[in-house]
2 protein chains.
Amino acid sequence: MNQDTQLAISIHILCLLALSEGERTTSERIAGSVNTNPVVIRRTLGRLRRAGFVHSQNGIGGGWTLARPAKEITLRALMDVIRTSPLLAMRREAPNPDCLVGSQIRPVLTGYYEKAEAALLERLGESTVADVVRDIVRAARKGRRV
Amino acid sequence: MNQDTQLAISIHILCLLALSEGERTTSERIAGSVNTNPVVIRRTLGRLRRAGFVHSQNGIGGGWTLARPAKEITLRALMDVIRTSPLLAMRREAPNPDCLVGSQIRPVLTGYYEKAEAALLERLGESTVADVVRDIVRAARKGRRV
DNA sequence: TTTCTCGTAACAGTTCACGTTACGAATAGG
DNA sequence: CCTATTCGTAACGTGAACTGTTACGAGAAA
């Protein structure tokens, strides 16, 4: 259904930056990890930069750094910045206004959908990029042991 | 982004059937309310039928009816039947396995995503088709008063 | 001045849901 | 038995949206 991978890409990028604190990471290197084109990365990072999550610098030795601690970036905050449309979608075409259900269902459903999405966002607000980084490091350790 | 309107269509259809208890409703009439093609309706209804939510009958005077009370159909149950892919998506292409983040992020993110979706589903499980029907009728009354 | 990297526009390619046509199967009525 | 109606489903076209790619200007460091 939904084919919005922007949140996944954003988290991936910020984890990389969090693990490279002190140095700048280029969009090309990030693209190598995500396995896509650097322009795709720069597009996503542009939105994160405008929202104040990352900082960029041009020229030789340039690249991207976190603009605030990974501990203070919740997955929900990323979602709020990245998301462009509701998770639970309705049809583009309006239903029949001459029908009881058709004339009323849109605003009614919107209410139910917003509550459901709020629950999801609340859960996303309980985790930060730092949590994800921690899990990644742990998973890598476990993998090596085997 | 997500462009799956199946849940919205399903709820719309079941509200119509709930309001037409005792009679059969044709896919053409439903399509008139949803404002789409009858085949689209039959496609969605086919899945709901296989899941035991509705019953269909061919021939003259045929059509669709609810197979169980609207009170006993939660929005979550519909979501479980209708949904084909996770709400929070990841990229099709796998990330770089030679990178710490790239090699671990998929299973780690899956965990976070599943918890977030579970919260959304839980909220959807608190409402039924009967609730939606009630809200629709109320909204219509209010609209007339003005 | 050169080199590197971001910033962004523009366009092609792909995927997926939706719309439409078509036709067989099942059912009711005469 | 025959006809009309409606479901059930396959097949294909259409359109929108995300992704991938090229291109090029702007800014910064050596």
Side-chain angles (χ1 to χ4, degrees), chain A residues 1-10 12-13 17 20 23-32 34-51 53-65 67 82-95, chain B residues 1-10 12-13 17 20 23-32 34-51 53-65 67 82-95:
Chain A
M1 335 185 145
N2 235 342
Q3 204 50 319
D4 190 6
T5 62
Q6 290 297 304
L7 179 61
I9 291 182
S10 300
H12 188 144
I13 294 173
L17 298 185
S20 311
E23 37 181 323
R24 297 197 180 92
T25 310
T26 66
S27 62
E28 189 168 353
R29 191 176 159 194
I30 297 172
V34 175
N35 189 19
T36 184
N37 193 291
V39 177
V40 175
I41 300 299
R42 290 205 288 269
R43 273 203 285 250
T44 301
L45 272 169
R47 304 173 67 180
L48 296 176
R49 176 177 54 75
R50 285 187 283 274
F53 291 113
V54 296
H55 178 255
S56 68
Q57 187 167 343
N58 284 7
I60 298 174
W64 302 85
T65 54
I82 287 302
R83 196 224 324 245
T84 58
S85 64
L87 278 178
L88 299 173
M90 299 195 208
R91 289 171 46 78
R92 301 185 76 79
E93 299 294 316
Chain B
M1 322 225 152
N2 231 346
Q3 205 49 320
D4 191 4
T5 61
Q6 291 296 303
L7 178 61
I9 291 182
S10 300
H12 188 143
I13 294 173
L17 297 186
S20 310
E23 38 181 322
R24 296 197 181 92
T25 310
T26 66
S27 61
E28 188 167 353
R29 189 174 160 195
I30 297 172
V34 175
N35 188 20
T36 184
N37 192 292
V39 177
V40 174
I41 299 299
R42 289 205 288 270
R43 273 205 283 250
T44 301
L45 273 169
R47 304 173 67 180
L48 296 176
R49 177 176 53 76
R50 285 187 282 275
F53 292 112
V54 297
H55 177 256
S56 68
Q57 187 167 343
N58 283 7
I60 298 173
W64 302 84
T65 54
I82 287 301
R83 193 214 338 232
T84 58
S85 63
L87 278 178
L88 300 172
M90 300 194 207
R91 288 170 48 77
R92 302 185 77 77
E93 299 294 316

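As a basis for the values below, the full set of heavy atoms in this structure was taken, side chains included, without hydrogen atoms, waters or symmetry mates. Order of the sequence lines sets the chain letters (A, B, ...), proteins ahead of strands, with each chain counted from 1.
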message: Does dC6(C) have OP1 or OP2 under 4.0 Å away from a side-chain N or O of Ser27(A)?
response: yes
query: With a non-hydrogen cut-off below 4.0 angstrom, is Arg24(B) in contact with a base, only sugar-phosphate, or nothing?
result: nothing
query: Asn37(B): what forms a side-chain contact (heavy atoms from CB on, under 4.5 Å) with it, not counting sequence neighbours?
result: Val39(B), Val40(B)
task: Round to a whole Å and report the spacing from CD1 of Ile82(B) to P of dC18(C).
output: 11 Å
message: From the set dT20(C), dG20(D), dC6(C), return the single nucleotide nearest to any side-chain atom of Thr36(A).
response: dG20(D)
query: What about Arg49(B): does its side chain form a donor-acceptor pair under 3.5 Å with the base of dG8(D)?
result: no
query: So which one's nearest nucleotide on DNA chain D is more toward 5', Ser56(B) or Glu93(B)?
result: Ser56(B)
All side chain to side chain donor-acceptor pair (under 3.5 Å) counterparts of Gln57(B), not counting sequence neighbours: Arg24(B)
query: Is the shortest heavy-atom distance from the side chain of Leu87(A) to the side chain of Leu88(B) under 4.5 Å?
result: yes
- request: Output yes when at least one side-chain N/O atom of Arg47(A) is less than 4.0 Å from OP1 or OP2 of dT8(C), else no.
  value: no
- prompt: Should Arg43(B) and Ile9(B) count as side-chain neighbours, where that means a heavy-atom distance under 4.5 Å?
  reply: no
- request: Under the side-chain contact (heavy atoms from CB on, under 4.5 Å) rule, collect the residues that match up with Arg29(A), sequence neighbours excluded.
  value: Glu23(A), Thr25(A), Thr26(A)
- prompt: Are Thr5(A) and dT19(D) close enough that a side-chain N or O sits under 4.0 Å from OP1 or OP2?
  reply: yes
Arg92(B), nearest nucleotide to its side chain (from dC16(C), dT21(D), dA17(D)): dC16(C)
message: List the residues meeting side-chain contact (heavy atoms from CB on, under 4.5 Å) with Ala94(B), not counting sequence neighbours, and say none if there are none.
response: Arg106(B)
message: I need the NE2-C1' distance between His55(B) and dT6(D), as an integer number of Å.
response: 13 Å
- line: Residues at least two apart in sequence or cross-chain that pass side chain to side chain donor-acceptor pair (under 3.5 Å) with Arg42(B), listed by chain then number, are Ser27(B)
message: I need the CG-P distance between Asn37(A) and dA12(C), as an integer number of Å.
response: 17 Å
task: Using whole Å, report how far CD of Glu28(B) lies from P of dT21(C).
output: 13 Å
message: Just the rounded figure in Å: distance from C1' of dC18(D) to CD1 of Ile41(A).
response: 14 Å
field: d(CG, Asn35(A); C1', dG20(D)) in whole Å
entry: 12 Å
- prompt: Between Met90(B) (CE) and dT19(D) (C1'), how many Å, whole number?
  reply: 18 Å
- prompt: Taking only N and O in the side chain of Arg91(B), is any of them less than 4.0 Å away from OP1 or OP2 of dG20(D)?
  reply: yes
task: Treat primed atoms plus P, OP1 and OP2 as sugar-phosphate and everything else as base, then score nucleotides 22-30 of chain C 5' to 3': B for base contact with protein heavy atoms under 4.0 Å, S for sugar-phosphate contact only, - for none.
output: B--BBBB--
task: State, yes or no, whether a side-chain contact exists between Thr36(B) and Glu93(A) at a heavy-atom distance under 4.5 Å.
output: no
message: Determine whether a donor-acceptor pair (one donor, one acceptor, N or O, separation below 3.5 Å) exists between the side chain of Arg43(A) and the base of dG20(D).
response: yes
Atom-to-atom span, CD of Gln6(A) to P of dG20(D) - whole angstrom: 10 Å
